[in-house]
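A, B, ... follow the sequence lines: proteins, then strands. Residue 1 opens every chain.
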There are 2 protein chains.
Amino acid sequence: MGPIRNSTPKSSGRVGAGVISNGIHNYERTKARRRAYRKKMQGEFDEPLRRFLSEKKRMPSFAELMEIWNYRTKSAVHYRIQELADRGVIRKDGTGRIVPLRLEKGTRLLGVVEAGFPSAAEEELLDVMNFDEFLTPNKESSYILKVKGDSMKDAGIQPGDMVIVERKNNYKPGQIVIAMIDGEYTMKYLRKRGEQHYLEPANSRYKPIFPKESFKIEAAVTAVVRKY
Amino acid sequence: MGPIRNSTPKSSGRVGAGVISNGIHNYERTKARRRAYRKKMQGEFDEPLRRFLSEKKRMPSFAELMEIWNYRTKSAVHYRIQELADRGVIRKDGTGRIVPLRLEKGTRLLGVVEAGFPSAAEEELLDVMNFDEFLTPNKESSYILKVKGDSMKDAGIQPGDMVIVERKNNYKPGQIVIAMIDGEYTMKYLRKRGEQHYLEPANSRYKPIFPKESFKIEAAVTAVVRKY
DNA sequence: TTGACTGTAGAACGTTCGTTCTATAGACTG
DNA sequence: CAGTCTATAGAACGAACGTTCTACAGTCAA
């Protein structure tokens, strides 16, 4: 049958000698059908791969791809793999093994609220993103804290939120920082008046804190995460 | 030399016949040194694996592990792999290939601000988390929107924040939802008075919205993310 | 209708894979 | 000091791997 596969396995493959194929066609209609079919198929090559990757946390071997894609030979897989590599979905490393490129699934980016929700056809075009990389590019120096108290309320940080903080070498005024001041940890805006640094809450019910003895900034807040 | 390796490769391996090893030892001191060394080593087996995985997006083969761990034989790798599997760091699938279990690096969870920052020794004990799984468990039905306007300010959602929304079948009062009301998309609290649903902003400068004609809830907000 | 192109089947090949067995140096135990 | 345990080296092995070549049916374009 050629390119249209994934139908019943037995009907695929070459036609035996002596079988006369029907030569009558409506070519235009056939052509259109095939285009649509192939577009659909493309997704049906990628999708099982995605599933395998997220389940097994590794790429399948050619033998496994034979089963996944319903092929009877590895050479057919080889052909398909070449096509996926050309499309940039996967890549081959030095030893021939395949590595994923655009297979990890992310969450779809929709833009501003007014944009409206996409139809199934538009889905493909949406940008995707991975939160782990986005929120903690420097995993080594990042920590997660749970917020207690409402002193940063007007900055949109509520009790129960999680903040991602990062240890750095120097901290700039205007940043929200975690500081050890007079023996206690606290999260506030870092401000500077003249040469003196001080801490300012984002809540009119609290007053700025001017350090008396010890004053050490431990980390800067790089992100806020809240889950309902 | 035995278990203490990763020194210069040439000095490892068996001592040639005729070489008489020095029998004089302070056993207690040696023992303590070895324990500390081995603990340090443990990390030096896991770390290169982590790096390989995050760079190449796949687990290394035994031959590659030989280079990574500075072994001269695959049987030594086999031995180490067994130990990693016992510790639950990796797992072997049916065909002998190794799959990661506790290798993906997460961000360390510290708890409330008051907890203080951990020393290098305490690092190991911290819980880690992966934001991608945490924020979007259902990737298929989740979308990301960028917030415009300050109508949800008092709910800690500011302009420029990203909200993760999820399409559902039914929405409960009290949730923050994305709704199409009278032809426009908006993000508000979903409220219910008697039998009538309406939308309420979290900003005293705005008033509740009672739907006139069309009213359709598109999605519910499941999380808020802000990055500085 | 012809010729080129596409997609799969099938077989053979050399390479790489993880496993296993033996040997041994050094550390540890009593 | 002798015996045991741990961690590595080294070699051999069968299974699985990805590659390549040939053949051919079906599609497509001229």
Whole-Å distance, Leu65(B) CG to dT8(D) P, equals 13 Å
Rounded to whole Å, CZ of Arg80(A) lies from P of dA9(C) at a distance of 11 Å
For Leu190(A), the side chain to side chain contact (heavy atoms under 4.5 Å, CB included) test, sequence neighbours excluded, returns Tyr171(A), Val177(A), His197(A), Leu199(A), Phe215(A), Ile217(A)
Here the gap from Tyr71(A) atom OH to Phe62(A) atom CZ, rounded to the nearest 0.5 Å, amounts to 12.0 Å
Sorted by chain and number, sequence neighbours left out, side chain to side chain contact (heavy atoms under 4.5 Å, CB included) with Ser54(B) holds for none
Practice task
Ignoring backbone atoms, establish whether Arg97(A) has a side-chain N or O less than 4.0 Å from OP1 or OP2 of dT16(C).
Solution key: no
Whole-Å distance, Met66(B) CE to dG18(C) P, equals 12 Å
Students should find that the end-to-end axis angle of the helix from dT1(C)-dA30(D) to dG30(C)-dC1(D), with five pairs defining each axis and rounding to 10 degrees, is 40°
By side-chain hydrogen bond (donor to acceptor under 3.5 Å, both in side chains), Tyr228(A) pairs with (sequence neighbours left out) Arg226(A)
Testing dC17(D), dG7(C), dC17(C) for proximity to the side chain of Ser61(B), the answer is dC17(C)
Sorted by chain and residue number, the side chain to side chain contact (heavy atoms under 4.5 Å, CB included) partners of Glu64(A) (sequence neighbours excluded) come out as Phe52(A), Arg58(A), Pro60(A), Ser61(A), Arg97(B)
Would you tabulate the pairs of protein nitrogen or oxygen atoms and nucleotide nitrogen or oxygen atoms of nucleotides 11-13 of chain D closer than 3.5 angstrom?
none

Checklist entry - Are Arg51(A) and Glu55(A) within salt-bridge range, i.e. N to O under 4.0 Å? => result no
Heavy-atom nearest nucleotide on DNA chain D taken for Thr95(A) and for Tyr79(B); more 5' hit belongs to Tyr79(B)
Atom CZ of Phe62(A) and atom P of dT20(D) are separated, to the nearest Å, by 10 Å
Rounded to whole Å, the CD-P distance (Gln82(B) to dT20(C)) equals 10 Å
Between Arg72(B) and dT8(D), is there a side-chain N or O to OP1/OP2 distance below 4.0 Å?
no
Sequence neighbours excluded, the answer for side chain to side chain contact (heavy atoms under 4.5 Å, CB included) partners of Lys92(B) is His78(B), Ile81(B), Gln82(B), Ile98(B)
Hits for side-chain hydrogen bond (donor to acceptor under 3.5 Å, both in side chains) against Ser142(A), two or more places apart or cross-chain, chain-then-number order -> none
### Message
Check the phosphate of dG18(D) against His78(A), side-chain N and O only, distance under 4.0 Å to OP1 or OP2. Yes or no?
### Response
no
Contacts of Lys216(A) meeting salt bridge (charged side-chain N to carboxylate O under 4.0 Å, His left out) (sequence neighbours excluded), chain-then-number -> Glu218(A)
Whole-Å distance, Ile98(A) CD1 to dC17(D) C1', equals 12 Å
Atom CE of Met59(B) and atom C1' of dG18(C) are separated, to the nearest Å, by 14 Å
